[in-house]
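Below is one structure, written out as structure tokens; comments come after it.
Owing to the predicted nature of the structure, the values given are computational and were not obtained by experimental measurement.
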Amino acid sequence: MAKAYDHLFKLLLIGDSGVGKTCLIIRFAEDNFNNTYISTIGIDFKIRTVNIEGKKIKLQVWDTAGQERFKTITTAYYRGAMGIILVYDITDEKSFENIQNWMKSIKEHASAGVERLLLGNKCDMEAKRRVQKEQADKAFSSLARDILLKSGSQRVGNDKPPSTDLKPCDKKNTKCSLG
């Protein structure tokens with residue numbers, strides 16, 4: 001029996017509490033939006049399969065709690081993640097400033113060379129914007145594409161060192177839920 005997918009990628013959403021990580025993951029996995037969510041306790045995940053460059057990629061997207069009290073639990077999920085999305089709230093400057101702390105946490109707990117993507121959320125609240133514009137769309141697919149390309153180049157024997165840069169998002173067709 002053939003597998004229903006070609007690759008399985010584990011992605012992780014991290015960021016301060018209240019930046020909209022749960023909202024993003026539910027919009028991506030279920031195409032649903034509800035502006036009233038309770039804080040994630042510990043960790044949760046959703047699965048969605050996407051087609052990228054002719055390959056079926058099963059994305060296992062983990063939603064982490066942003067509160068400090070869950071840090072011990074959530075950092076255990078960094079190891080083995082192939083991509084990490086750092087989420088901040090464009091209306092909350094402190095959530096953007098804290099990205100440095102989240103980057104430090106990635107360096108301490110994630111596998112070397114993990115793909116990273118910075119995502120500004122809540123662009124539908126433009127009037128309340130406190131962080132300069134970082135347009136973003138197709139964040140999950142963009143990250144999965146980068147992982148796929150990296151995994152392909154590793155098989156070919158590419159000796160390029162792993163990137164530690166944040167990946168820019170595809171800026172076409174930006175939606176309000178991302179940016």
Side chains of Lys55 and Asn51: closer than 4.5 Å at any heavy-atom pair? no
Minimum heavy-atom distance Ala110-Ile84, with the two atoms named: CB-CD1, 3.9 Å
Atom CZ in Arg79, atom NZ in Lys10: separation rounded to 0.5 Å? 10.0 Å
Hey, could you give me the CD1/NZ distance between Ile99 and Lys104, rounded to the nearest 0.5 Å? 15.0 Å
Over all heavy atoms of both residues, which pair between Val19 and Ser95 is shortest? Give the atoms and the distance, please. CG1-CB, 3.7 Å
On a heavy-atom basis, the closest approach of Lys21 and Asp63 is CB-OD1, 3.5 Å
Under the side chain to side chain contact (heavy atoms under 4.5 Å, CB included) test, which residues partner Arg48, sequence neighbours left out? Phe28, Val50
In short, Gly83 meets Ile147 closest at the heavy-atom pair N-CD1, 3.7 Å
Test Leu8 against every option in Lys3, Lys58, Met82 by the side chain to side chain contact (heavy atoms under 4.5 Å, CB included) rule and name the one that passes. Lys58
Main-chain N/O of Lys56 paired to Asp6 side chain as donor or acceptor, under 3.5 Å: yes
Let me confirm one number: the CG-OG distance from Asn98 to Ser105, rounded to the nearest 0.5 Å. 11.5 Å
Name the one of Phe45, Phe9, Tyr78 that satisfies ring pair (Phe, Tyr, Trp, His ring centres under 6.0 Å) with Trp62? Phe45
Are the side chain of Lys150 and the backbone of Gly113 linked by a donor-acceptor contact shorter than 3.5 Å? yes
Asp89 and Asn121: CA distance, side-chain angles, deciding distance, side-chain contact (heavy atoms from CB on, under 4.5 Å) verdict: CA-CA 5 Å; Asp89 175 350; Asn121 196 20; 5.7 Å; no
Shortest non-hydrogen separation from Ser111 to Gly80 and the atoms involved: OG-N, 3.6 Å
If the condition is salt bridge (Lys or Arg N to Asp or Glu O under 4.0 Å), which residues does Lys107 pass it with, not counting sequence neighbours? none
Out of curiosity, Ile25 CD1 to Leu13 CG, how far, rounded to the nearest 0.5 Å? 6.0 Å
Decide whether Val61 and Tyr5 are clustered together by the hydrophobic rule: side chain heavy atoms of Ile, Leu, Val, Met, Phe, Trp, Tyr closer than 4.5 Å, transitively. no
Are more than 12 heavy atoms, taken from residues, nucleotides or ligands other than Gln100, located less than 6.0 Å from that residue's CD atom? no
Spell out, yes or no, whether Met103 and Ile14 are grouped together once hydrophobic residues are joined by side-chain heavy atoms under 4.5 Å, including indirect joins. yes
Nearest heavy-atom neighbours spanning Ala29 and Lys46: CB-CB, 3.5 Å
Using 0.5 Å steps for rounding, measure from the CG atom of Asp44 to the CD1 atom of Ile26. 8.0 Å
Side chains of Asp16 and Trp102 in contact at under 4.5 Å (non-hydrogen atoms): yes
Got a second to check how far Ile85's CD1 is from Leu119's CG, nearest 0.5 Å? 6.5 Å
